[in-house]
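First comes the structure, then the notes that go with it.
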Amino acid sequence: MGESRGKKAIIIFGPPGAGKGTQASRLIEELKLVAIATGDILREAVAKGSPLGVKAAEYMTRGELVPDEVMIPIVEEKLSEDRGDNGFLLDGFPRTVRQATMLDDAARKNGVKIDKAIYLKTSKDVIIQRLSGRRVCPNCGAVYHVENIPPKVEGVCDTCGTALVQREDDREEAIVRRLVEYEKQTTDVIRYYRKKGILVEVNGDLRIEVSYPMIVKTLGGENCS
Ligand code: AP5
């Protein structure tokens, strides 16, 4: 992997429940990107009971950020893997300015260009409505919403037929904590990318049928390699 490969990375970020994962799953499929979704990586580790999962679980359940020291090596490793020929999509990383600067370093080292940072600006009422109605598939990870994006059969995953569940951190206390952490740590990341001139602001309140095409258009509507 070197500079000549010219791989690109797109970041999608915003508050909890903004729709990062929902938009990311569509983008990955349409643009054939390699996903680096830190929330999914951590949840998988928790489910397996791996050392990373054991460490991460206590933070996640409380709605706090997992420490940078734990997160940064995970993303460094993913970026250095010889995949992502069409580019990477980072969902949920970076969440702190320290993570953002580390990402710049790791990208440089691996010949990856951080192309755009899509910020899903979303209002608090919408966030609460989305998180309280979210249902996820514990088997394949598909994400639904009881009203906004319901499965064909109530409570059952369209893709694999497994019974849907609520995420542990979608309890009220954890949601409140996640929003506080977001305000405290992640809003500076908006300024960081604005200053770099790669921030793209998208109205996250909009229905997916409206916001998703806006994002694709922003990315040039084509493969971002
Ligand atoms: P993570 O999984 O990344 O959680 P989050 O940032 O809180 O975001 P969510 O997954 O809750 O929401 P989302 O924006 O993906 O929304 P979704 O698409 O599901 O991280 C979890 C935890 O891991 C963190 O709290 C932290 O502890 C740890 N962690 C992860 N990354 C870390 C890092 N880098 N550093 C430190 N710690 C880290 O949509 C929400 C709902 O709305 C769904 O039901 C969906 O169907 C619906 N919906 C989505 N879009 C729309 C739309 N446009 N219209 C209507 N409904 C919609």
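Only heavy atoms go into these numbers, but all of them, side chains included; no hydrogens, no water, no symmetry mates. Position 1 is the first residue of the sequence, and the numbers go up from there. Whatever order the structure lists them in is the order used to number ligands and atoms, beginning at 1.
- Using a distance-only test at 3.5 Å, with no hydrogens or angles considered, a donor-acceptor pair links the side chain of D205 to the main chain of S123.
- With a 4.0 Å cut-off on non-hydrogen atoms, L131 touches ligand 1 through its side chain and not its backbone.
- Residue-level proximity to ligand 1 for L65 is carried by backbone and side chain together, each with a heavy atom below 4.0 angstrom.
- Annotation for L164: hydrophobic cluster partners, listed by chain and number, are Y144 (ILVMFWY side-chain heavy atoms under 4.5 Å, direct or chained).
- Listed by number with element, the atoms of ligand 1 under 4.0 Å from a non-hydrogen atom of E64 are 26 (C), 27 (O).
- Using a 4.0 Å cut-off between heavy atoms, R207 contacts ligand 1 through its backbone alone, with no side-chain atom that close.
- Those atoms of ligand 1 with a heavy atom of N148 less than 4.0 angstrom away are 55 (C), 56 (N).
- Applying the under-4.5 Å side-chain rule to Ile, Leu, Val, Met, Phe, Trp and Tyr, the cluster around L179 extends to I127, I128, L131, I175.
- For atom 44 (O) of ligand 1, the nearest non-hydrogen atom of the protein is Y144 O, 2.7 Å.
- Atom 35 (N) of ligand 1 has as its closest protein heavy atom Q99 NE2, 3.0 Å.
- Between Y193 and Y119, the ring center distance fails the sub-6.0 Å criterion.
- Nearest residue to atom 29 (N) of ligand 1 from L42, T96, T38 is L42 (criterion: closest heavy atom).
- Using a 4.0 angstrom heavy-atom cutoff, G63 does not count as in contact with ligand 1.
- Taking a cutoff of 4.0 Å between a charged side-chain nitrogen and a carboxylate oxygen, E181 and R178 do not qualify as a salt bridge.
- Heavy-atom proximity to R178, at under 4.0 Å, picks out these atoms of ligand 1: 5 (P), 7 (O), 9 (P), 11 (O).
- Among all non-hydrogen protein atoms, the one lying nearest atom 49 (C) of ligand 1 is T22 OG1, 3.4 Å.
- The protein heavy atom nearest to atom 33 (C) of ligand 1 is R95 CD, 3.2 Å.
- Atom CD of Q99 sits about 9.0 Å away from atom OG1 of T101, to the nearest 0.5 Å.
- Where the criterion is an N or O separation shorter than 3.5 Å, residue side chain and backbone included, G204 fails it with respect to ligand 1.
- E168 has its side chain out of reach of M60: every pair of non-hydrogen atoms, C-beta onward, lies at least 4.5 Å apart.
- The protein heavy-atom contact nearest to atom 50 (N) of ligand 1 is G19 CA, 3.7 Å.
- Remark: D68 engages R98 in a salt bridge, criterion side-chain N to carboxylate O under 4.0 Å.
- A donor-acceptor distance shorter than 3.5 angstrom exists from the side chain of Y212 to the backbone of R26, with no hydrogens or angles considered.
- At a threshold of 4.0 Å, the pair K196-D104 counts as salt-bridged, since one of the basic side-chain nitrogens sits closer than that to a carboxylate oxygen.
- For the pair R62 and Y59, the cation-pi criterion (under 6.0 Å, within 45° of the ring axis) is fulfilled.
- Under the 3.5 Å distance criterion, the side-chain polar atoms of Q185 are left unmatched by any main-chain donor or acceptor of T96.
- Ligand 1 places these atoms under 4.0 Å from at least one heavy atom of H145: 44 (O), 46 (O).
- Within ligand 1, counting atoms from 1 as listed, the ones closer than 4.0 Å to a heavy atom of M60 are 22 (C), 23 (O), 27 (O).
- Closest heavy-atom approach to atom 43 (C) of ligand 1 within the set V210, T61, I149, V143: this belongs to V143.
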Please walk me through it: do E44 and K48 pass salt bridge (charged side-chain N to carboxylate O under 4.0 Å, His left out)?
CA-CA 6 Å; E44 212 180 298; K48 276 192 196 143; 3.7 Å; yes
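- The protein heavy-atom contact nearest to atom 52 (C) of ligand 1 is R130 NH2, 3.3 Å.
- Remark: ligand 1 and R134 share an N or O pair separated by less than 3.5 Å (distance only, no angle test).
- Nearest residue to atom 10 (O) of ligand 1 from K20, E181, R167 is R167 (criterion: closest heavy atom).
- Looking only at heavy atoms of the protein, atom 15 (O) of ligand 1 is closest to G21 N, 2.8 Å.
- Below 3.5 Å of separation, one finds no N or O of R135 facing any N or O of ligand 1.
- With respect to atom 36 (C) of ligand 1, the closest heavy atom belonging to the protein is V66 O, 3.1 Å.
- A side chain to side chain contact (heavy atoms under 4.5 Å, CB included) with I36 holds for exactly one of L103, L89, L79; it is L79.
- If you number the atoms of ligand 1 from 1 as listed, the ones under 4.0 Å from a heavy atom of I208 come out as 52 (C), 53 (N), 54 (N).
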